[in-house]
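Data block below; observations after.
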Amino acid sequence: RVFLAAVRDEVGSIPSDVTAVGEMDRLSIEPVDGTGPSYYLRDHATWEQMREYFVHRSLYHLKEGDPHAWLIPRLSGQAKASFVAVEFDEYGAGHGTQVHQQLFADLMAAAGLDCSYLGYLDAVPAEALAVVNLMSLFGLHRKFRGAAAGHFAATEITSSPGSHRMVAALERMHAPQPCVRFYREHVEADAVHEQVVRLNVIGDLLTREPCLEPDVVFGIRAFGAMEERLADHLMKSWTAQRSSLLRPLD
Ligand SMILES: [Fe+2]
Ligand SMILES: [Fe+2]
């Protein structure tokens, strides 16, 4: 309750004329002169800063797909079928070596980092925990299914262009191939996922339950608010030449 109240406070009031389609369109438009961690990593960051970024993201990517999977039993019809089709890809489409969680574990190992689940729980600040706790909160309560769907849509829509910048960053650093591979996989897969989620998951869900529209919008904005907090923390730390972690990496 405390966390949710803080998230609501951070998101603020949402005008009643804001639509899910409008929000998804907004997320699809990439600024020409964007700022934030993925731009910084692409153009300026050191390999050590990149490793810090992996550590922050490891809390989610080592269980990628799982927090959103709570949504499966809360959907029906086409929305459910299409949502499961996207999750099928997240879970490797029948191939254990292709499970996105495994691809991220391979990335961690290649970067000389611990790939055990929650291995860096004590190393990351609250900003990194909040992005993960938000999706678990939405997924664990049926009444938040609209917000969970919105959160999932925001994740998929922003992933492809962000991953594209990560590929460029890692190639600039001559990073090990498993590191590049995780993000390269997401450039193409999530461009497809975005369309499926927009039209067949959110579209169908709101046709069935139009009253969920404000919740979908809230889920999208809550995703943005928590990502922004983490981005602020990373940029403040890195531009001041400080570690963004609570303890040094070896
Ligand atoms: Fe993925
Ligand atoms: Fe995806």
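When a ligand or atom number is given, it counts from 1 through the structure's own listing order.
Take the Fe ion (ligand 1) as the corner point: the lines to OE1 of Glu90 and to ND1 of His100 open at 80°, to the nearest 10 degrees.
At least one side-chain heavy atom of Tyr183 sits less than 4.5 Å from a side-chain heavy atom of Phe104.
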(request) In sequence, state the C-alpha distance, the side-chain angles, and the governing distance for Arg229 and Glu10, and then conclude on salt bridge (charged side-chain N to carboxylate O under 4.0 Å, His left out). (result) CA-CA 10 Å; Arg229 286 180 79 100; Glu10 183 101 357; 2.9 Å; yes
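Restricting His193 to its N, O or S atoms, the one at the least distance from the Fe ion (ligand 2) is ND1.
For the Fe ion (ligand 2), the set of nearby N, O or S atoms under 2.8 Å includes one belonging to Asp190. The Fe ion (ligand 1) has an N, O or S atom of Glu64 closer than 2.8 Å. Taking backbone and side-chain atoms together, His186 has no N/O/S atom less than 2.8 Å away from the Fe ion (ligand 2).
For the pair Ala154 and Phe223, the tightest heavy-atom approach, listed with the atom from each and the gap, is CB-CD2, 3.4 Å.
Using the six-membered ring where Trp is involved, His68 and His151 have ring planes that are tilted, between 30° and 60° apart.
Glu188 and His193 form no side-chain donor-acceptor contact under 3.5 Å, judged by distance and modelled atom types alone.
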